[in-house]
There are 2 protein chains.
Amino acid sequence: MSNPSAPTRGAATLHDVAREAGVSLATASRVLNGSTRKVAESYRERVEAAAEKLGYTANLSAQATARGTSAIVALLVADIADPYFSQLASGVARGADEAGLVVTIAITERDPQREVKLVRALRGQRPRGLILAASRTEGPDAVGLQSELDAFSGMGGRVVMLGPGTGSTRSVAVDNHGGAAALGTELARLGYRDAIVVAASEGIRTSDDRVAGFTEGFEAAGGKVRDVRRAGFTRDAGYAAAQDLLQGDVPGGTLIFGISDVVAIGAMSAVRDAGRQVGADIAVAGFDDIATGRDIRPGLTTVRVPLEDLGYRALNAALEPEWDASEPPLHLEVVVRGSTPPRD
Amino acid sequence: MSNPSAPTRGAATLHDVAREAGVSLATASRVLNGSTRKVAESYRERVEAAAEKLGYTANLSAQATARGTSAIVALLVADIADPYFSQLASGVARGADEAGLVVTIAITERDPQREVKLVRALRGQRPRGLILAASRTEGPDAVGLQSELDAFSGMGGRVVMLGPGTGSTRSVAVDNHGGAAALGTELARLGYRDAIVVAASEGIRTSDDRVAGFTEGFEAAGGKVRDVRRAGFTRDAGYAAAQDLLQGDVPGGTLIFGISDVVAIGAMSAVRDAGRQVGADIAVAGFDDIATGRDIRPGLTTVRVPLEDLGYRALNAALEPEWDASEPPLHLEVVVRGSTPPRD
DNA sequence: TTGTATGCGTTATCAT
DNA sequence: ATGATAACGCATACAA
């Protein structure tokens, strides 16, 4: 009892459904997508039955070319295995799901050249929005990126930058400076006087802002930043930097501030592997409050960034017709845990 | 000096490029995509110049409808913020990049009904492949999923399941049973005699296999599994289960085997929060070897699953024209760390 | 309300 | 080698 009108090869098309239901293409189209137009109940039922029977699913590509707009939003991250980005992505995915959008993801591997290429490739999808996380806004490749982004904007797409935006592009910002300053102040208040910062290379805004903020807060409250080591944003970079650091003379009671939790956690491991104790001996603090921070011992002192929320907001920022640059900044909060015990 | 042929609104189309270069649509198409056909050098240059000038990027949707095949591969995971899945996704993304494909990602939130819906939605993209991670192959919703997957296969798409496949669908399997058995044996060898397993609910193959394998290996070597608690696959589930466990009488020297590292790490935290010590007092072991396991103290004993590789293989399994079910299984390796000190 | 016909940006078949 | 032109699957303005 096979159905003669059912296609053997390939997916069922709207055409198939219409034929099966004995209606026109237009009618089938109207019932199967959210058209405002009305269609008689009897027809509607027949079409729906036919669609169900044939397992019809609209071809989104065809729909996109016909409509001139896709149901896609693209997300660009440095490394999806990094908890920072994966939590971010989680929020983006949730927002996209709510909006009936599909998210395509691309990995830059922190390579600016790659990033430009990817934006160009993603542009081919004609996504409604493009969310960029952790891209440098300065440096030699920034101009190439910018022109690619402009091209995307020019064709009607929305660009959202996580972190400080460039010019008029939308962005959902995090108060890295303020958060880091609050952390610095709090740690000085806890009795710390000497700190070493493990940061990413200069020119990366997020890193620069956190370094500057921390230094300000810490020194204003009586501390002193002894050194700023350039590492990167990865766990291994944090480990290596701290390891190198500990070759030298690092007095007990020194605080290591990692530019991100991932870096700080790497540093913690290096401290332990160097035979020193995290906390009472060498204190460590981070930034972001990734989930792991709860489960390591001692717990990692940090600044909580609502990453999932951040991603969610970014998605919605990409969807809003009008961009209101004056959105309230995300609430950042210092979280003190065992890695920085009071020192009085 | 604005270019009259440059579109003010919307993206440049192939048509625009052809006109700008003074050639036909067909010629422009031939030079701008990997066509086998030859076109005169002079024309080629003009077209490329025009494309560059206009910032042209092929509309992938249009390309897909015309070609009848997309450059998309879809990935379905339970939770992208979970390190297990994010590492997996990382491998998938790398493979996709190498193959010139774009990956769209969807989150099931471990909801079978949602999973079915998502597969259906993703089907609309007509992706070349569909990679499913952590979907239950049994239970009431499994049939709905299967029919949706069949529909996808029927229209020429490749389905790849991570873990045990159903029937003829492609799959890249992990030897959960064997790995868990090896772990159990090793731990018994280390002197452990009593174990409690914190697993997911019954009917989830991955969990069932690990429980069975561990039990076999552990008991064959002289140990005894005292209890199997049903929790879930999340950190919080592991925490709650272990916490509940510790309300009762858990003698020192007991081993808790978490069905996954994430679960085990939750359990570790619960153990500590209950005032017990991880390692010498209560031992803990997991499965997967997620990155975090390196940085917590004591280090987590586990079975290493090359997750990134797994994702990479899955992607390629989706691309291969012929599916060779006899691929060598991924190498699993027991990794003993401080959370299960020798006990002799 | 329903159907017809045209267009969306590309590819590919067919002449030239 | 190059250029018309007919698909591709769907949406929609327009006609009935």
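None of these values were measured; they are calculated from a predicted model. Naming: A, B, ... by sequence-line order, numbering from 1 per chain.
On the nucleic acid side, DNA chain C contacts chain B at distances under 4.0 Å to non-hydrogen atoms, with the end points of that region at dG9(C) to dC14(C).
Rounded to an integer number of Å, the gap from Leu14(A) CG to dA11(D) P is 6 Å.
A sub-4.0 Å separation between OP1 or OP2 of dA11(D) and a side-chain N or O of Gln63(A) is present. The phosphate of dG3(D) (OP1 or OP2) has a side-chain N or O of Thr27(B) nearer than 4.0 angstrom.
Looking at every heavy atom in both residues, Asp141(B) comes nearest to Val116(B) through O-CG2, 4.2 Å. Nearest approach of Gly55(B) to Arg120(A), heavy atoms of both residues: CA-NH2, 4.3 Å. Ala50(B) and Glu20(B) get closest at one heavy-atom pair: CB-CG, 3.5 Å.
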Pairs under 3.5 Å (Watson-Crick or G-U), crossing ones as [ ], inter-strand ones as |: DNA chain C comes out as |.||||||||||||||
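The distance from atom CD of Gln113(A) to atom CG of Leu145(A), rounded to the nearest 0.5 Å, is 11.0 Å. Leu14(A) CG to Thr27(A) OG1: the interatomic distance, rounded to the nearest 0.5 Å, is 10.0 Å. One distance of note links CD of Glu308(B) with CG of Leu88(B); it measures 9.5 Å at 0.5 Å rounding. Here the straight-line distance linking atom CZ of Arg128(A) with atom OG1 of Thr69(A) works out to 4.5 Å at 0.5 Å rounding. In this structure, CG in Leu315(A) is found 7.0 Å from CG in Leu101(A), a value given to the nearest 0.5 Å. Rounding to the nearest 0.5 Å places CZ of Phe233(B) at 12.5 Å from CG of Asp79(B).
Using a 4.0 Å heavy-atom distance criterion, Ala64(A) is classed as making no nucleic acid contact.
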Which protein N or O atoms sit under 3.5 Å from an N or O of nucleotides 14-16 of chain D?
unit_1: dC14(D); atom_1: N4; unit_2: Arg37(A); atom_2: NH1; d: 3.3

Please list, for nucleotides 5-8 of chain D, all pairs of protein and nucleotide N/O atoms separated by less than 3.5 Å.
unit_1: dC8(D); atom_1: O2; unit_2: Thr65(B); atom_2: OG1; d: 3.3
unit_1: dC8(D); atom_1: O2; unit_2: Ala66(B); atom_2: N; d: 3.3

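Applying the salt bridge (charged side-chain N to carboxylate O under 4.0 Å, His left out) test to Arg67(B) and every residue at least two apart in sequence or in another chain returns nothing.
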Next item on the list: I would like to know whether Val47(A) and Val17(A) meet side chain to side chain contact (heavy atoms under 4.5 Å, CB included); could you show each step before the answer?
Entry: CA-CA 7 Å; Val47(A) 171; Val17(A) 175; 4.1 Å; yes
inquiry  = Could you go through Leu132(A) and Thr108(A), starting from their C-alpha distance and side-chain angles, then the distance that decides it, and tell me whether this counts as side chain to side chain contact (heavy atoms under 4.5 Å, CB included)?
reply    = CA-CA 10 Å; Leu132(A) 296 248; Thr108(A) 67; over 6 Å; no
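Partner of Thr104(A) under the side chain to side chain contact (heavy atoms under 4.5 Å, CB included) criterion, chosen from Leu122(A), Leu75(A), Val73(A): Leu122(A).
In this structure, the side chain of Arg170(B) engages the main chain of Glu320(B) through a donor-acceptor pair within 3.5 Å.
At a non-hydrogen distance threshold of 4.0 Å, nothing from residues 120-127 of chain A comes into contact with DNA chain C.
A salt bridge between Asp97(A) and Arg94(A) is absent, with no side-chain N of the basic residue lying under 4.0 Å from a carboxylate O of the acidic one.
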